[in-house]
Amino acid sequence: MSDKNNLLAEFDGVVSGHRDGHGFVVRDDGQPDIYLPSNEMRAVLHKDRVKARIVRLDRKGRPEGRVTEIIERSTAPIIGRLLQEGGVWLVAPEDKRYGQDVLIPKGATGSAKPGQVVVVELTEPPALYGQPVGRVKEVLGEIDDPGMEIEIAVRKYGVPHEFSPTATAQARALPDHVRPSDLRHRVDLRDVPLVTIDGEDARDFDDAVYCEPAKVGKAKGWRLLVAIADVSHYVQTGSPIDVDAYDRATSVYFPRRVIPMLPEKLSNGLCSLNPGVERLCMVCDMLITARGEIHAYQFYPAVMFSHARLTYTEVAAILQNTRGPEAMNRKPLVPYLLNLHDVYRALLAARNARGAVDFETVETQIVCDESGRIERIVPRTRNDAHKLIEEAMLAANVCSAEFIEQGKHPGLFRVHEGPTPEKLEVLRNYLKAMGVNASLSDEPKPGEFQHIAEITKDRAESQQIHTMLLRSMQQAIYTPINSGHFGLAFEAYTHFTSPIRRYPDLLVHRVIKAILHKQKYQLPALPTPGEAHAKLSKRLASRVKPPAPHARKPSADTLGWQAAGLHCSANERRADEASRDVEAWLKCKYMREHLGEVFAGVVSAVTSFGLFVTLDAMYVEGLVHITELGGEYFRFDEARQELRGERTGIRYTLGSRVQVQVSRVDLDGRRIDFRLVSGEDD
């Protein structure tokens, strides 16, 4: 980077603002971001596409730059509160990365009143000596209106939340029930006691299961049926509903609200495997050995009749006590649930033999009252019923991936790769510093990770070690190039089991049907990814392995599937970011009621600028800034993931127990600050 040519070269990228006024250019080529000082941010806004030149390197060798050209102004709407100051109307952006208020001319406020949350469209971009100018496009309401955090998030992240008029009309024209003509060429499973098992608050039911003992050769085994809603029967490729579903690519889940991928007529009605009604389904019919290996399988379209809508809590209670009240209420189904439990134990034994990674992490659920305010945050506990359904779905997904591979048909795999060499090195240094007596090979297998998890599970720092193991892995993506699923230790894996809420699953169904009919499924002409996640698509594209030097150029077909995979992966991230944003808002509002209170917590992340602490009772995370740790210099040790005081030797590391006081809550910045009251070394 010190090469003179690098200081003269120009790079394309997207501006990423920072709430403190400076910013960065996130380079298209994946090289380190270029720092932009605050004076360089005056004429640009967060999300603008620019050319930039590196003008110097800071003391740590990081590049600092200057914007040389604005290639494209962001068209993303800006959400904020309308304010009137000294006779001037302006909107203060809710997303502080924008860094500048937007001036609103007198006639451009529409029906908005001061203090209301509005959506702004820019009419004039910022300049070196002038603020951006805009007009109010939409009034969302008052800041404290129930659900306002969701209204903000869907617009902030560009989540499509209204179906097109043509998709709505098409959904309205669909039948209310299965018609006799729909049953042609389908296996009749209406007499088979298939059941759905989901959470108490589930509204759409993708999957139903059934299990019976069966002979596999001369040995005992099971026949396991996984029936999945046949969305592809009703949603034709390229139809208005399909175009909207592809645009969304996933349902987005918020506390108390879901933005579905499909219109409710389908997601909660015609495609949902509701009890007591006929439903069309695609079935993965498997023979499983006593050792939990899939001996044989077949796919076919069917018609089914769900015999019960069961909850995880109910099934867990039945499995625990077959003479209890829950079991008495479901007496005819108990034998089938016991069969499911038996096949689950065999599949679990096979999972352990494979060396699949299985860390116990704490997931939380936000419980809200009628007005949308947090009542409490509780840990989600996974019982045997959750795990039973999970293993059944994994088995069906593996069969789907193998079926597509053997059919030599292009499709989307769910690929999860092991750690990059850089992350592996950080992990090795950490394990060495922690005195973990286990080595990791240069291309580690999942079993090596699981072995480390096993040998450290009784240590006081087990949670932090497991956290570091998880952080070293890459995120899973959708791609037509199969390179296996590292965490689950599968050579091929895909998503087949949730076509109501995930577009990749719908594509997998279409491919399976095409193979069954000895045809080829043709992807439609796909729209260009929206600006909201074009940058993320570029980042994900850098993870798609380039072809070997002498390999044939990828076909248009392969490139089309790659584009679909990137789009679905990017929209999955977008949904996660929007959900996290809403949860962070709710947690900030919740913690504003606890300002000044002291709580016990555990250090959940260590950085050069401070400690992130998760409260035991609340499951809320906040920052103890390094300036709050006392009047001495703290050195950050990346290998040990700790901050150490140079004078006193006080150490704060992942897993350290501390007492903190809630000192500040910044709702706009989604940030909670803590003050350290005492640490475990005090």
Side-chain angles (χ1 to χ4, degrees), residues 30 228 231-232 235 237-238 242-243 245-250 261 282 284 299 394 396-418 473-499 501-529 533-534 536-574:
I228 305 297
V231 174
S232 64
V235 181
T237 299
D242 189 48
V243 170
Y246 176 78
D247 189 30
R248 296 173 180 224
T250 180
M261 183 180 84
M282 281 296 290
C284 182
F299 287 94
L394 292 180
N397 286 340
V398 167
C399 292
S400 305
E402 188 181 292
F403 190 68
I404 291 170
E405 275 210 316
Q406 288 184 349
K408 295 187 168 42
H409 195 298
L412 287 184
F413 296 95
R414 182 68 167 173
V415 166
H416 179 237
E417 294 176 334
M473 295 182 200
Q474 300 184 61
Q475 280 186 297
I477 60 169
Y478 295 107
T479 169
I481 299 157
N482 175 38
S483 49
H485 196 293
F486 181 84
L488 294 170
F490 287 132
E491 288 181 13
Y493 186 71
T494 192
H495 277 163
F496 163 78
T497 53
S498 296
R501 62 185 179 89
R502 287 191 307 229
Y503 197 82
D505 304 54
L506 177 53
L507 287 175
V508 165
H509 277 232
R510 289 172 177 166
V511 169
I512 287 172
K513 279 187 175 179
I515 296 170
L516 288 173
H517 291 112
K518 297 184 168 47
Q519 294 170 349
K520 185 166 182 215
Y521 175 68
Q522 194 63 48
L523 278 173
L526 302 171
T528 312
H533 64 284
L536 185 49
S537 287
K538 278 195 169 71
R539 278 289 172 96
L540 290 168
S542 68
R543 286 184 46 197
V544 174
K545 288 181 178 174
H550 302 296
R552 280 209 319 237
K553 194 177 171 187
S555 65
D557 208 20
T558 302
L559 291 173
W561 282 98
Q562 272 188 357
L566 289 170
H567 171 82
C568 292
S569 301
N571 278 18
E572 180 184 33
R573 305 287 185 275
R574 177 177 73 180

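- A heavy-atom distance below 4.5 Å is found between the side chains of Ser232 and Lys513.
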*Residue pair Ile512, Leu516: steps toward the side-chain contact (heavy atoms from CB on, under 4.5 Å) verdict*: CA-CA 6 Å; Ile512 287 172; Leu516 288 173; 4.2 Å; yes

*asked:* Between Asp242 and Leu506, is the side-chain contact (heavy atoms from CB on, under 4.5 Å) condition met? List the steps.
replied: CA-CA 10 Å; Asp242 189 48; Leu506 177 53; 4.1 Å; yes

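- Separating the CD1 atom in Ile228 from the CZ atom in Phe496 is a distance of 5.5 Å, to the nearest 0.5 Å.
- One distance of note links CG of Leu523 with CG of Asp557; it measures 7.0 Å at 0.5 Å rounding.
- Shown are Thr237, Asp505, Ile515; of these, the side chain to side chain contact (heavy atoms under 4.5 Å, CB included) with Arg510 is made only by Thr237.
- Considering CG of Asn571 and CZ of Arg574, their distance stands at 4.0 Å, rounded to 0.5 Å.
- For the atom pair CD (Glu572) and CD1 (Ile477), the distance works out to 10.5 Å, reported to the nearest 0.5 Å.
- Proximity of Ser569 to Leu566: side-chain heavy atoms (C-beta onward) are nowhere separated by under 4.5 Å.
- Minimum interatomic distance between Ala249 and Cys568 (heavy atoms only, all atoms of both residues): CB-CA, 4.2 Å.
- The two atoms that bring Gly418 and Gln474 nearest to each other are O-NE2, 2.9 Å, heavy atoms only.
- Heavy-atom minimum distance, Tyr478 versus His495: OH-ND1, 2.8 Å.
- Of all heavy-atom pairs between Gly487 and His416, the closest is N-ND1, 2.9 Å.
- Ala514 and Tyr521 make their closest contact through CB-N, 3.7 Å (heavy atoms, listed as atom of the first residue, atom of the second, distance).
- Here Thr494 pairs with Ser400, Ala401, Val508 under the side-chain contact (heavy atoms from CB on, under 4.5 Å) rule; sequence neighbours left out.
- By the 30° and 60° cut-offs, the orientation of the rings of Tyr493 relative to Phe490 is parallel.
- What you find for Ala564 and Tyr246 is that their closest heavy atoms are CA-OH, 3.9 Å.
- Under the rule for a side chain to side chain donor-acceptor pair (under 3.5 Å), the partners of Glu405 that lie at least two apart in sequence or sit in another chain are Asn482.
- Taking NE2 of His409 as the start and CD1 of Ile404 as the end, the distance is 8.5 Å to the nearest 0.5 Å.
- Between atom CZ of residue Phe299 and atom CE of residue Met282 there is a gap of 7.5 Å, rounded to the nearest 0.5 Å.
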